[in-house]
K.L.:
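Attaching a single structure in structure tokens format; questions to follow.
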Amino acid sequence: MAFQTEITKWYLHNKRDLPWRKTTDPYVIWLSEIILQQTRVEQGLPYFNRFLEAYPTVSDFANATEEQVLKLWQGLGYYSRGRNMLFTARQIQEKYKGIFPVKYDELILLKGVGDYTAAAISSFAADEVKPVVDGNVFRVLSRYFGIDTPINSTEGKKKFLALANELIIGEVPSLYNQAIMEFGAMQCKPKSPLCSICPLQADCFARRNNLVNVLPVKEKKLKKRTRYFNYFVCTNSDQILVKRRTAGDIWQELYDFPLLETPDQYHNIQEEFLSQVKSSFGNDCTIAPLEQKKHLLTHQTIYVQFFALDNYIINFNQNAEIKWVTFDEFDELPQPKVITNFMSSYSVN
DNA sequence: AAACCGGGGCA
DNA sequence: TGCCCAGGTTT
């Protein structure tokens, strides 16, 4: 049996009873779709009911104030959705005479309505042949057809949309779109999907190839941390003060200098920064900025500022990892690259 | 292409 | 903790 037929059959037997499935009113469907963007059904449902009660028609919505809308929206997150809804409701009241559009090409122009939502409203309200491609659909198609193109890449979005466009041909758009999303939400779940009782398990690529926990693939958006390291360079004629880095951070067991990490960059030597330095190295200490470096790691961007430190007091008992070494000894110790680079330029001057 | 926008459920 | 949720807008 074809993929679409199985999905639809499964849906007719397993679908949840949800209020927005009982209407073809584009306003009501719009309300539900905006609320459900990046939001679980269980979380959005009470908001949907409250909004529909407060604003039974788009005209009622248009007459609301932003404060009223946001009060109703409170706790749901992504608050620009609420603001965009009011803007759109007023626009429809004024320019469309309160008649909510149902064509994809008109819906896509509305603020807060993207490709998914325009496809959803146009198919649910008027059976326009537009496939919904949401998180559920990405997952179902990726697993069943074995597509490993990252779903959050430009290429992936194009590929999945193209496939979805082929699959919806010959189907009843409203039924098929609801079905594939519900299937993804309840059966083909992100974690612990119900493969053993899945009607598609025999033909599912991921199931056959034991890739259910691999698909869909998502590109890692490595969130780079930005940090500000202030290093203090203490030297005498042939020695330098170094610090062994301990566990719990980058560069474990490598050697650098006494360090003050700050939440922001100190372009000049500010009072707050100076008082922190004095609390570590004594009230009489003086610092002079040396060079500044930007150090890039895979997961961190570190702005490194070196300072020359004088007239300092070091409590070696409290800082067992700090010690004096000769320059030659330091050369033999393992160092982060940013330190090695500094030393080579420092020794020239 | 990547950042940003949120609160909540779940392993 | 990290991932994901009926995504979309901005830079």
Side-chain angles (χ1 to χ4, degrees), chain A residues 7 11 15-23 26 28-48 51 70 72-88 104 107-125 130-143 149-158 160-161 164 168 173-194 212-226 248 299 301:
Chain A
I7 291 273
Y11 174 70
K15 66 174 176 178
R16 289 169 290 184
D17 184 23
L18 300 173
W20 45 84
R21 287 184 180 149
K22 298 175 179 171
T23 181
V28 178
I29 296 170
W30 168 74
L31 196 57
S32 71
E33 291 302 337
I34 303 295
I35 288 174
L36 291 172
Q37 284 169 4
Q38 293 293 289
T39 305
R40 291 171 192 278
V41 165
E42 311 83 71
Q43 189 190 3
L45 186 51
Y47 286 86
F48 171 79
F51 266 94
L70 289 176
L72 271 175
W73 199 273
Q74 131 181 306
L76 196 55
Y78 286 129
Y79 294 91
S80 63
R81 288 185 291 173
R83 285 189 290 271
N84 288 338
M85 281 187 101
L86 182 55
F87 180 91
T88 294
Y104 178 95
L107 291 163
I108 195 70
L109 301 175
L110 302 176
K111 192 170 286 187
V113 174
D115 184 62
Y116 162 78
T117 305
I121 300 173
S122 65
S123 67
F124 298 155
K130 290 285 182 181
V132 292
V133 185
D134 71 339
N136 294 308
V137 176
F138 276 119
R139 185 170 56 255
V140 172
L141 297 183
S142 168
R143 285 176 176 164
T149 313
I151 61 175
N152 55 345
S153 66
T154 304
E155 186 193 351
K157 285 171 190 164
K158 266 171 62 180
F160 282 93
L161 180 61
I168 201 173
S174 55
L175 176 60
Y176 170 70
N177 276 340
Q178 289 283 7
I180 191 169
M181 285 197 290
E182 187 78 335
F183 182 81
M186 301 191 64
Q187 178 80 28
C188 196
K189 298 185 293 181
K191 289 177 181 173
S192 33
L194 312 177
V212 175
N213 294 322
V214 175
L215 298 174
V217 173
K218 199 167 184 178
E219 271 177 349
K220 283 276 191 184
K221 47 173 188 282
L222 40 94
K223 40 178 181 358
K224 279 204 172 185
R225 248 212 306 171
T226 302
H299 53 297
T301 302

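In this text, all values refer to a predicted model and were calculated from it rather than measured experimentally. Values reported hereafter were calculated over all heavy atoms of this structure, with side chains retained and with hydrogens, waters and symmetry mates removed. So you know, we letter chains A, B, ... as the sequences are listed, proteins then strands, and number each from 1.
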K.L.:
At under 4.0 Å between heavy atoms, what does A/Ser153 touch on the DNA or RNA strands: base, sugar-phosphate, or nothing?
P.N.:
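Touches nothing.
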K.L.:
Quick check: closest heavy atoms across A/Val113 and A/Ile34, and the distance to 0.1 Å?
P.N.:
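Taking every non-hydrogen atom into account, CG2-CD1, 4.4 Å.
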K.L.:
Report which part of the nucleic acid A/Arg139 touches: base, sugar-phosphate, or nothing (heavy-atom distance under 4.0 Å, all strands).
P.N.:
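Counting heavy atoms under 4.0 Å across all strands, the contact made by A/Arg139 is with sugar-phosphate only.
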K.L.:
How would you label the contact of A/Ile34 with the nucleic acid (heavy atoms, under 4.0 Å): base, sugar-phosphate, or nothing?
P.N.:
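Touches nothing.
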K.L.:
So what does A/Val137 touch, heavy atoms closer than 4.0 Å: a base, only the sugar-phosphate, or nothing?
P.N.:
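Since no nucleic acid heavy atom lies under 4.0 Å of A/Val137, the category is nothing.
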K.L.:
Where the side chain of A/Thr117 is defined as all heavy atoms beyond and including C-beta, which of B/dG6, C/dG7, C/dA6 is the nearest nucleotide?
P.N.:
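Side chain of A/Thr117 sits closest to C/dG7.
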K.L.:
Whole angstrom is fine here: how far is it from CE in A/Met85 over to C1' in C/dG8?
P.N.:
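After rounding, the gap between these two atoms is 14 Å.
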K.L.:
What is the separation between atom CD1 on A/Ile108 and atom P on C/dG8, rounded to the nearest whole Å?
P.N.:
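Rounded to whole Å, this separation is 7 Å.
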K.L.:
For A/Lys191 and A/Gln37, find the nucleotide of DNA chain C closest to each by heavy atoms; which residue's nucleotide sits nearer the 5' end?
P.N.:
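The residue closer to the strand's 5' end, by nearest nucleotide, is A/Lys191.
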K.L.:
Any side-chain N or O of A/Thr39 less than 4.0 Å from the OP1 or OP2 oxygen of B/dG8?
P.N.:
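Checking A/Thr39 against B/dG8: no side-chain N or O falls below 4.0 Å of OP1 or OP2.
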K.L.:
Figure out the OH/C1' separation between A/Tyr79 and C/dG8, and round it to whole Å.
P.N.:
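For the pair A/Tyr79 OH and C/dG8 C1', the rounded distance is 17 Å.
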K.L.:
Please compare A/Gly77 and A/Glu219 by the position of their nearest nucleotide in DNA chain B and report the one closer to 5'.
P.N.:
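Its nearest nucleotide lies further toward 5', so the answer is A/Glu219.
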K.L.:
Are there more than 12 heavy atoms of other residues, nucleotides or ligands under 6.0 Å from atom CG of A/Asn213?
P.N.:
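No - once you tally the heavy atoms of other residues, nucleotides and ligands closer than 6.0 Å, there are 12 at most.
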K.L.:
State which of B/dG8, C/dA6, C/dC4 makes the closest approach to the side chain of A/Gln43.
P.N.:
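When the side chain of A/Gln43 is considered, B/dG8 is the closest of B/dG8, C/dA6, C/dC4.
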K.L.:
Which nucleotide sits closest to the side chain of A/Arg40: C/dC5, C/dG8, B/dG6?
P.N.:
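Selected nucleotide (nearest to the side chain): C/dC5.
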K.L.:
Atom CG of A/Leu215 to atom P of C/dC4: distance rounded to whole Å?
P.N.:
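About 12 Å, once rounded to whole Å.
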K.L.:
Roughly how many Å apart are B/dA11 and C/dA6, using the P atom of each and rounding to a whole number?
P.N.:
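It works out to 15 Å between them.
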K.L.:
Considering non-hydrogen atoms only, spot the tightest contact between A/Lys189 and A/Arg143 and give its length.
P.N.:
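A/Lys189 and A/Arg143 have their closest heavy atoms at O-NH1, 2.7 Å.
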K.L.:
Starting at CZ of A/Phe87 and ending at P of C/dG8, how long is that distance when rounded to a whole Å?
P.N.:
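Between P of C/dG8 and CZ of A/Phe87: 17 Å.
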K.L.:
Taking atom P of C/dC5 as reference, at what distance in whole Å does atom CG of A/Asn152 sit?
P.N.:
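It is 11 Å, rounded to the nearest whole Å.
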K.L.:
Is the side chain of A/Arg81 donor-acceptor paired with the backbone N or O of A/Ile35 at a distance under 3.5 Å, no angle test?
P.N.:
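Judged by distance alone, yes, a pair lies under 3.5 Å.
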K.L.:
Answer yes or no: does a side-chain N or O of A/Gln38 lie under 4.0 Å from OP1 or OP2 of C/dC5?
P.N.:
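Answer no for this pair, as no side-chain N or O of A/Gln38 is under 4.0 Å from OP1 or OP2.
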K.L.:
Check whether the ring centres of A/Trp73 and A/Phe51 lie less than 6.0 Å apart, and answer yes or no.
P.N.:
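So the answer is yes for these two rings.
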K.L.:
Distance check, C1' atoms only: B/dG9 and C/dG8, in whole angstrom units.
P.N.:
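Straight-line distance between the two C1' atoms is 23 Å.
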K.L.:
Between atom CG in A/Leu70 and atom P in B/dG7, what is the gap in whole Å?
P.N.:
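So the two atoms are 13 Å apart, to the nearest Å.
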K.L.:
Among C/dA6, B/dG6, C/dC4, find the nucleotide with the atom closest to the side chain of A/Pro190.
P.N.:
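Looking only at heavy atoms from C-beta outward on A/Pro190, the closest nucleotide is C/dC4.
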K.L.:
Quick one: A/Asp134 CG to C/dC5 P, roughly how many Å, whole number?
P.N.:
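Spelled out: CG on A/Asp134 to P on C/dC5 is 8 Å.
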K.L.:
Do you see a donor-acceptor pair shorter than 3.5 Å between the side chains of A/Asn136 and A/Arg139?
P.N.:
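Yes, side-chain donor-acceptor contact under 3.5 Å.
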K.L.:
Could you check whether A/Gln178 gets within reach of a base, just the sugar-phosphate, or nothing at all, counting any heavy atom under 4.0 Å?
P.N.:
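Counting heavy atoms under 4.0 Å across all strands, the contact made by A/Gln178 includes a base.
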